[in-house]
Each structure stands twice: as structure tokens, then as C-alpha cells.
J.: 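Please find one structure pasted underneath; my questions will follow.
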Amino acid sequence: MLPNSTQLIALFEPLSNWQDRYRQIIQLAKLLPEFPDQLRTEENQIVGCENRVWLTCKKMDQQTFIFYGDSEGRIVKGLLTILIILANDKTAEQIIQMDLLAELRKLRITDELSDSRQLGVSNIITRINTLTQQNR
């Protein structure tokens, strides 16, 4: 089961160096629920990421969203997991108003990412926002 946003912050708060945060990102990747093969479609694939990444969502009865995704790379999958945790269980308005990149900065994750991984993170954030808008 994925932690919630508050638990996510608590996981990263005590980590003082990049290696510890890197290990935590990899650990979070292992918590991402299995992504069904039938959802690994071109429509769900995010273009422009270092590794292949898929992301989709389901709108719940309370007008909140649950996101589902996967990536072939451990770090990218961990970053995807973090973004999913931040966006899950929120309404379209909450997601659209949220600055997901700023949330990653608070966790002190973005500074050490390569340019290509930062671009991938940006593409994942764009996909989250697009899915949210499409399913409002």
C-alpha cells in the first residue's frame, strides 16, 4: 500500500544526503501496485521519458482521482510513485492548483536529477494534469 502525502514527507524529512533520498526513491518504486499489461498501451504511455512510462487514472465517486502507472526504470518508477502519491485522492481542482514540481523540491529530490530525468518528471506532471482535465 502506498503511503499518503503526509507519510511521504515524513519519509524524506530525516534524509540528509542524496544517497539516502535515492535509496528511498527506489524503495517507493517497489510499493507501486502491479500495472496490468492491458494498460500498457500507446495511449497510456508518456512520450519523452528516459524509460518507458505508463500512466492512467480512475475518477472515484467522491470526485477524487486515483492514478495508476509503471516504468521500466527503477528511479523513474520511484519518481512516478512519488507523483502518484502526491496526486492521489485529490479532486481535479486540488490537482490543478498543486505545484507538483514544488512538492518534489520540498522533498529535496529535483536538485540531483539529470536533465533527462527532470524532463521526464515534467512530462509525468503534464500527463497527470492532462488526465485530470480530461476526466473532470
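Basis for what follows: all heavy atoms, side chains included, without hydrogens, waters or symmetry-related copies.
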J.: Give every residue pair that meets the salt bridge (charged side-chain N to carboxylate O under 4.0 Å, His left out) criterion with at least one member in residues 116-133, sequence neighbours excluded.
T.: Glu50-Arg117
J.: Is there side-chain contact between Asn88 and Tyr68, with at least one heavy-atom pair below 4.5 Å?
T.: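 Asn88 does not reach Tyr68 side chain to side chain.
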J.: Answer yes or no: is there a side-chain heavy-atom contact under 4.5 Å between Ile128 and Leu83?
T.: yes
J.: When rounded to the nearest 0.5 angstrom, what is the spacing between CZ in Phe65 and CG in Leu131?
T.: 8.5 Å
J.: Are Phe35 and Ile85 connected in a single hydrophobic cluster, I mean Ile/Leu/Val/Met/Phe/Trp/Tyr linked by side-chain heavy atoms less than 4.5 Å apart?
T.: no
J.: For Ser71 and Asn51, which heavy atoms make the closest approach, and how far apart are they?
T.: OG-CB, 3.7 Å
J.: Looking at Ala92, is its backbone amide N or carbonyl O close enough to the side chain of Gln63 to form a donor-acceptor pair, meaning the two atoms are under 3.5 Å apart?
T.: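 No; judged by distance alone, with no hydrogens or angles, the pair does not exist.
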J.: Are any of the side-chain heavy atoms of Trp54 and Glu72 separated by less than 4.5 Å?
T.: yes
J.: Look only at the side chain of Thr91 and the backbone of Thr64, and say whether a donor-acceptor pair between them is shorter than 3.5 Å.
T.: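 Checking the backbone N and O of Thr64 against the side chain of Thr91, no donor-acceptor pair under 3.5 Å is found.
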J.: Please say whether more than 12 non-hydrogen atoms of neighbouring residues, nucleotides or ligands are located less than 6.0 Å from CG in Asp115.
T.: no
J.: Can you name the closest pair of heavy atoms from Leu55 and Ile46 and give their distance?
T.: CB-CD1, 3.9 Å
J.: Out of curiosity, does Leu119 fall in the hydrophobic cluster containing Ile109 (side-chain heavy atoms, cut-off under 4.5 Å, transitive links)?
T.: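 Looking at the clustering, Leu119 is in a separate group from Ile109.
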J.: Which residue pairs satisfy the side chain to side chain donor-acceptor pair (under 3.5 Å) criterion with at least one member in residues 4-14, sequence neighbours excluded?
T.: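 For residues 4-14: Ser5-Lys90.
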J.: What's the separation between atom CG in Leu32 and atom OG1 in Thr81, rounded to the nearest 0.5 Å?
T.: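 Output value for this atom pair is 4.0 Å.
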J.: Are the side chains of Leu86 and Phe67 in contact, using a 4.5 Å heavy-atom criterion?
T.: no
J.: Taking C-beta and beyond as the side chain, do Cys57 and Thr132 meet within less than 4.5 Å on heavy atoms?
T.: no
J.: Could you list the residues that satisfy side-chain hydrogen bond (donor to acceptor under 3.5 Å, both in side chains) with Gln24, not counting sequence neighbours?
T.: none
J.: Using every non-hydrogen atom in the two residues, find where Ala29 and Gly78 come nearest and quote the distance to one decimal.
T.: CB-N, 3.5 Å
J.: Is there a side-chain contact between Asp70 and Arg40 in this structure, where contact means two heavy atoms from C-beta onward sitting under 4.5 Å apart?
T.: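 Yes, their side chains come closer than 4.5 Å.
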J.: The criterion is side chain to side chain contact (heavy atoms under 4.5 Å, CB included); which residues satisfy it with Thr41, sequence neighbours excluded?
T.: Glu43, Asn44
J.: Could you grab the distance from atom CD1 of Ile75 to atom CG of Leu28, nearest 0.5 Å is fine?
T.: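 With rounding to 0.5 Å, CD1 (Ile75) is 10.5 Å from CG (Leu28).
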J.: Measure the spacing between CZ of Arg108 and CG of Asp20 and express it to the nearest 0.5 Å.
T.: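 Between atom CZ of Arg108 and atom CG of Asp20 there are 10.0 Å.
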J.: Within the structure provided, determine whether Met60 and Ile66 are in side-chain contact (heavy-atom separation under 4.5 Å).
T.: yes
J.: Take Ile25 and Phe12 through the test side chain to side chain contact (heavy atoms under 4.5 Å, CB included) and record every step on the way to the result.
T.: CA-CA 9 Å; Ile25 291 167; Phe12 279 89; 4.0 Å; yes
J.: Sequence neighbours left out, what passes side chain to side chain contact (heavy atoms under 4.5 Å, CB included) with Arg74? Give chain and number order.
T.: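 Side chain to side chain contact (heavy atoms under 4.5 Å, CB included) check on Arg74 returns Ile26.
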J.: Roughly how far, to the nearest 0.5 Å, is CG of Leu101 from CD1 of Ile124?
T.: 11.5 Å
J.: Mind checking side chain to side chain contact (heavy atoms under 4.5 Å, CB included) for Gln38 and listing every partner two or more places apart, or none if nothing turns up?
T.: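 Scan of Gln38 (side chain to side chain contact (heavy atoms under 4.5 Å, CB included), adjacent residues dropped) gives Pro36.
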J.: Say you draw a straight line from CG of Asp99 to CD1 of Ile125; how long is it, rounded to the nearest 0.5 Å?
T.: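 If we round to the nearest 0.5 Å, Asp99:CG and Ile125:CD1 are 7.5 Å apart.
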J.: So do Asn123 and Val47 actually touch side chain to side chain, heavy atoms under 4.5 Å?
T.: no
J.: Cluster question for you: counting only ILVMFWY and a side-chain heavy-atom cut-off of under 4.5 Å, with indirect links fine, are Val53 and Leu39 together?
T.: no
